[in-house]
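Here's the structure, in structure tokens; my notes come after.
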There are 2 protein chains.
Amino acid sequence: MTELTIGELADRSGIATSAIRYYEDRGLVTSRRTTGNQRRYERPMLRRLAFIRTAQRVGLSLEEIEDALATLPSNRTPTKADWSRLSRGWRPRLDAQIAQLERLRDTLDSCIGCGCLSLRRCSLSNPDDVAAERGPGPVFLEGR
Amino acid sequence: MTELTIGELADRSGIATSAIRYYEDRGLVTSRRTTGNQRRYERPMLRRLAFIRTAQRVGLSLEEIEDALATLPSNRTPTKADWSRLSRGWRPRLDAQIAQLERLRDTLDSCIGCGCLSLRRCSLSNPDDVAAERGPGPVFLEGR
DNA sequence: CCTTGACTTAAAGTTCACTTCAACTTGTGA
DNA sequence: TCACAAGTTGAAGTGAACTTTAAGTCAAGG
């Protein structure tokens, strides 16, 4: 039982089989096929899925994750050092996200009493941080 | 010039006319119509848009914003106290988001050296915070 | 051998928050 | 008055990350 079926991989990773197939279509994971055309995964694929899932939590898109995975050596199973290298860059990214939310929170604190929300005067709704405004849509989806 | 056209409202709020029309379809904003069927907005609508935009930055969906706006008195223009009341609840939400990212960052710090990312052993890829796992997709979209 | 659950594919559907399009109508400054 | 920018509508398109569906094929236990 050294290889895993897609169902086993899904159970162990907590990622749906449909998502795993989707990742495979996008080239994020690979498998060998049985004579009957079924997918079989080696155990290191579990770590790869863990990497993908965690990178998503950090806020990377699948495209970015794809790029990161592309820098892994293709001639051997990635080592811990390989994974460590890839995830090292996440720290500044997380820091930036946290800083941005903290700015929002602090501004909220100073505005909450007045309820002004003036688009021109209040920095809450008119933040300095214009760079962060590119691209609409929700900035953060929490527990809901 | 006490009323604004949709273009003027867009200019002043920084929100595209298409988005404003979309909000109106969803009932988030309202307008009166000229005899020629064009929209005209009263100035308080600017604050309403500011509220919507800021609520989005905090991470609320349009549906949640809709619900919040529904609690405003319909018989009068909302006061600063009204807006203040609505935005008061954002603080815990922001706090939770920040805390979640900080947990992720701290766990990342303790995992980055080892590169383990084990789905079963490493808390980075296997967070306690299971509630936060509902709903896939990017958790945070920063500057990019 | 045979049932049954797990697997296969391509294609279409989902959600969110909009944007774009086409075809048309209004409003305004010269 | 008339050109033309700005407004109107419904419907379709966008992008990200999947999920669902349909119509099958495969693998393993009894």
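All chains are named by letter (A, B, ...) in the order of the sequence lines, taking the proteins before the strands, and each is independently numbered beginning at 1. All figures in this text were calculated on a predicted structure; none of them were measured in a lab.
- Without hydrogens or angle criteria, Asp82(A) side chain to Thr79(A) main chain gives a donor-acceptor distance under 3.5 Å.
- Listed candidates were dC18(C), dG7(D), dA17(D). Nearest to the side chain of Ile6(B) is dG7(D).
- For Thr107(B) and Arg103(B), the side-chain atoms include no donor-acceptor pair closer than 3.5 Å.
- Contact check, Arg39(B) against dT8(D): a side-chain N or O comes under 4.0 Å of OP1 or OP2.
- Between Ile52(B) atom CD1 and dC16(C) atom C1' the separation is 15 Å, expressed in whole Å.
- Between Glu63(B) atom CD and dA17(C) atom C1' there is a gap of 13 Å when expressed in whole angstrom units.
- From Tyr41(B), atom OH reaches atom OG1 of Thr30(B) across 8.5 Å, with rounding to the nearest 0.5 Å.
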Task: Trace of the side chain to side chain contact (heavy atoms under 4.5 Å, CB included) decision for Arg40(B) with Leu4(B) - done: CA-CA 5 Å; Arg40(B) 288 298 180 272; Leu4(B) 303 167; over 6 Å; no
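- How far CD of Glu63(A) is from CZ of Arg26(A): 6.5 Å, rounded to the nearest 0.5 Å.
- For the pair Arg33(A) and dT25(D), the criterion of a side-chain N or O lying under 4.0 Å from OP1 or OP2 is not met.
- Although no hydrogens or angles enter the test, the distance criterion places no donor-acceptor pair under 3.5 Å between the side chain of Thr54(B) and the main chain of Phe51(B).
- Checking dA17(C), dA17(D), dT20(C) against the side-chain heavy atoms of Ser61(B) singles out dA17(C) as nearest.
- Nucleic acid contact for Thr17(B): none, since no nucleic acid atom lies under 4.0 Å from a heavy atom of the residue.
- The CG atom of Asp11(B) sits 16 Å away from the P atom of dA5(D) (whole-angstrom rounding).
- Atom CG in Leu4(B) sits roughly 15 Å away from atom C1' in dG7(D) (whole-Å rounding).
- Going from atom CZ of Arg57(A) over to atom P of dA17(D) covers 17 Å, rounded to whole Å.
- Between Leu86(A) atom CG and Arg88(A) atom CZ the span is 10.0 Å, to the nearest 0.5 Å.
- The nearest whole Å value for the distance from the CD1 atom in Ile65(B) to the C1' atom in dC18(C) is 13 Å.
- Looking only at distances, no side-chain donor or acceptor of Arg39(A) sits under 3.5 Å from a matching main-chain atom of Glu24(A).
- A donor-acceptor distance shorter than 3.5 angstrom exists from the side chain of Gln97(B) to the backbone of Val58(B), with no hydrogens or angles considered.
- The stretch residues 20-32 of chain A touches DNA chain D through Tyr22(A), Tyr23(A), Arg26(A), each having a heavy atom within less than 4.0 Å of the strand.
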Below 3.5 Å between N/O atoms, which protein atoms pair up with nucleotides 26-29 of chain C? Just atom names and distances, please.
| residue | atom | partner | partner atom | Å |
| --- | --- | --- | --- | --- |
| dT26(C) | O4' | Gln38(B) | NE2 | 3.4 |
| dG27(C) | OP1 | Thr34(B) | OG1 | 3.0 |

